[in-house]
Amino acid sequence: MPQLLLMRHGNTFKAGETPRWVGGPTDMPLTEAGEAQAHALASMIATHYVPLSAIIAGPLKRTKRMAEIIAEKTIGLFTVDERLCEINYGLWENKSNDEIKALYGEEILKAWEQEGVWPEEMNWAPSKAKLEHNIAALLEEQHKNLLTPETHNRALVTSNGILRFVYQALTGKPPSPEAKVKTGHYCVLAPTAEGWTIEAWNKAP
């Protein structure tokens with residue numbers, strides 16, 4: 001049975017650089033280490049998951065570059081889907097955790113990071129309802145494609161915020177820390193008659 005691979009792009013911050021909340025509006029490229037992560041993931045996919053029927057990436061530089069490297073080692077091309085674009089983190093965008101705590105308090109940050117509570121007043125976009133709708137539609141489309149005769153594995157390249165909500169859609173659990181996917185890591189879903197089975201989550205190549 002063909003499977004769906006979900007991947008998070010590689011590093012966008014250099015070693016020693018303070019991480020910031022970079023969502024859809026902050027279009028950062030992969031670092032040298034991020035490129036290496038992409039090549040490692042591409043080699044793993046080329047060894048274990050070809051042939052592929054499709055590689056689909058979010059529209060940002062970091063996800064498109066990751067998809068490009070994977071495509072170079074596999075099927076040669078990829079497409080872009082705007083629904084895989086990282087969340088716009090609104091008032092948190094391009095700020096560090098310390099800056100967010102200083103401006104808006106520690107509790108709201110902790111509620112999201114530890115319990116997956118969407119911070120309504122922080123102007124994230126799209127809305128939580130729209131994001132959940134997009135992910136449900138995307139998963140439904142992939143499920144249908146994977147159950148089509150003569151199809152092969154499919155791969156999606158996106159960001160951690162989106163993957164946390166994919167996890168929620170699959171499990172019914174909040175997008176809390178167990179849903180997090182590290183940079184350059186991947187997940188594997190198997191389609192079933194009822195929906196999906198998670199074969200792997202947050203796995204290193």
Flag side-chain contact, heavy atom, 4.5 Å: [X] against [Y]:
X	Y	answer
Leu52	Ile45	yes
Arg65	His9	no
Phe78	Ile70	no
Val166	Leu138	no
Pro177	Glu113	no
Lys95	Trp21	no
Phe165	Ile87	yes
Leu131	Ile162	yes

Given Trp118, Trp112, Trp124, Tyr104, the one that forms ring-ring contact (aromatic ring centres under 6.0 Å, His included) with Tyr89: Trp124
Go through Arg8 and His185 one step at a time and tell me if the side-chain contact (heavy atoms from CB on, under 4.5 Å) criterion holds. CA-CA 6 Å; Arg8 183 182 177 187; His185 283 51; 5.8 Å; no
Tell me the closest heavy-atom pair linking [X] and [Y], and the distance in Å.
X	Y	answer
Ser96	Glu99	N-OE1, 2.8 Å
Ala38	Leu30	CB-CD1, 4.3 Å
Pro205	Ala40	CB-O, 3.9 Å
Gly23	Glu93	N-OE2, 2.6 Å
Arg164	Gly116	NH2-CA, 4.4 Å
Lys73	Ala42	CD-CB, 3.3 Å

Once you round to the nearest 0.5 Å, how far does [atom1] of [X] lie from [atom2] of [Y]?
X	Y	atom1	atom2	value
Thr63	Glu68	OG1	CD	11.5 Å
Glu86	Thr158	CD	OG1	6.5 Å
Leu189	Tyr167	CG	OH	11.5 Å
Met28	Leu60	CE	CG	11.5 Å
Leu41	Tyr49	CG	OH	10.0 Å
Glu199	Leu4	CD	CG	11.5 Å

I need the single residue from Asn145, Thr151, Thr148 that forms a side-chain hydrogen bond (donor to acceptor under 3.5 Å, both in side chains) with Ser53. Which is it? Thr151
Donor-acceptor contact below 3.5 Å, side chain [X] vs main chain [Y]:
X	Y	answer
His152	Val50	no
Glu115	Pro174	no
Asn88	Gly90	yes
Ser159	Gly161	no

Intermediate values then yes/no, side-chain contact (heavy atoms from CB on, under 4.5 Å), Thr31 and Glu17: CA-CA 11 Å; Thr31 62; Glu17 188 176 1; 5.7 Å; no
Test of understanding: clusters of I, L, V, M, F, W, Y form through side-chain heavy atoms closer than 4.5 Å, transitively. Do [X] and [Y] belong to the same one?
X	Y	value
Met66	Tyr186	yes
Ile198	Trp196	yes
Met44	Ile75	yes
Ile108	Leu103	yes
Ile135	Leu146	yes

Indicate yes or no: does Glu107 engage Lys110 in a salt bridge with an N to O separation below 4.0 Å. no
Between Glu140 and Lys144, does any side-chain N to carboxylate O distance fall below 4.0 Å? no
Around atom NZ of Lys101, are there more than 12 heavy atoms of other residues, nucleotides or ligands at under 6.0 Å? yes
More than 12 heavy atoms of other groups within 6.0 Å of Glu32 CD: no
Stepwise side-chain contact (heavy atoms from CB on, under 4.5 Å) test for Met1 and Leu147: CA-CA 8 Å; Met1 177 69 71; Leu147 294 182; 4.0 Å; yes
Could you give me the CA-CA distance, side-chain angles and deciding distance for Asn202 and Lys182, then say whether side-chain contact (heavy atoms from CB on, under 4.5 Å) is met? CA-CA 6 Å; Asn202 189 33; Lys182 297 178 182 178; 3.6 Å; yes
